[in-house]
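To find a chain, count down the sequence lines: A is the first, B the second, and so on, and within it residues start at 1.
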Protein chains: 2
Amino acid sequence: MADNAARKATLLRYVERFNAADAQGVAALYADDATVEDPVGGQVIAGRDAILAFYRHTTSLGARLEVMAPPRGSHGDAAALTFSVHVRMEGRPARIDVTDVMTFGADGRIRSMRAYWGPDDLHFV
Amino acid sequence: MADNAARKATLLRYVERFNAADAQGVAALYADDATVEDPVGGQVIAGRDAILAFYRHTTSLGARLEVMAPPRGSHGDAAALTFSVHVRMEGRPARIDVTDVMTFGADGRIRSMRAYWGPDDLHFV
């Protein structure tokens, strides 16, 4: 099983590839049958094609992720990252406060991503 | 259903009661049949008595929680909080980096808590 250090490196690589607007690079971090629930309580998308389309869309918005604290591991197959998303919405600068929780497969790829943010975590700044 | 603002207030109340070493006050934030998995991947404890005993132990260590970013809500019944635990271990000052994810019942009480931290999130400082 991939260890915590490898999982955390993948989380930071996720941020780096996202901020480079490299949707393909982000999607490549996921297992083929992975799931994404962003936000938690919203629709779950599944599979690499749907996940690539999701990141093609989100990276096209010019969003930038700012890491707020070092990634956290676990005593299982999960890790968490807390960050803010800086993006323009409705022509105005905005910030969305998010915590992602990811689980990982034995090969170190992301099996699931759940993004914790609610309507009141979107702030116009 | 309790809203995100109420859930976030409960997370901050959790920190406040924990830092006051008020195990009873922390446990009172939980539903009677709640579960605690701390750390994620470790043993799950269930029920108010077990949870009270857990916080009696952890608050007795003189630990102090430092919030690292505003709590995050969700579009469901969950919220997340990222913090550091300052505590003495083996006679030395230490810090444990943690993200808690909690789910809440309709009455606003915590139904489940999962604490994301791994062996390498414990730092002697």
Point to revise | Toward chain A: residues of residues 114-125 of chain B with heavy atoms under 4.5 Å | key: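 When heavy atoms of chain A are the reference, residues 114-125 of chain B contributes B:Y116, B:W117, B:G118, B:P119, B:D120, B:D121 within the under-4.5 Å range.
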
Indicate, with yes or no, if [Y] and [X] share a hydrophobic cluster defined by side-chain heavy-atom contacts under 4.5 Å among Ile, Leu, Val, Met, Phe, Trp and Tyr.
X      : Y     : value
A:Y14  : A:V40 : no
B:L81  : B:V26 : yes
A:M113 : A:L12 : yes
A:L11  : A:F18 : yes
A:M68  : A:V98 : no

Study note, to complete from the structure: Of B:I96, B:D97, B:V101, the largest count of non-hydrogen pairs under 4.5 angstrom with chain A goes to B:D97

Check your understanding: Do other residues, nucleotides or ligands put more than 12 heavy atoms under 6.0 Å from B:R111 CZ?
Key -> no

Check your understanding: Taking atom OG of B:S74 and atom CD of A:E37, what is their separation to the nearest 0.5 Å?
Key -> 8.5 Å

Check your understanding: Rounded to the nearest 0.5 Å, how far does NE2 of A:H75 lie from CD of B:Q43?
Key ->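 It comes to 13.0 Å.
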
Check your understanding: What parts of residues 51-67 of chain A touch chain B if we use heavy atoms and a cut-off under 4.5 Å?
Key ->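 Hits under 4.5 Å: none found.
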
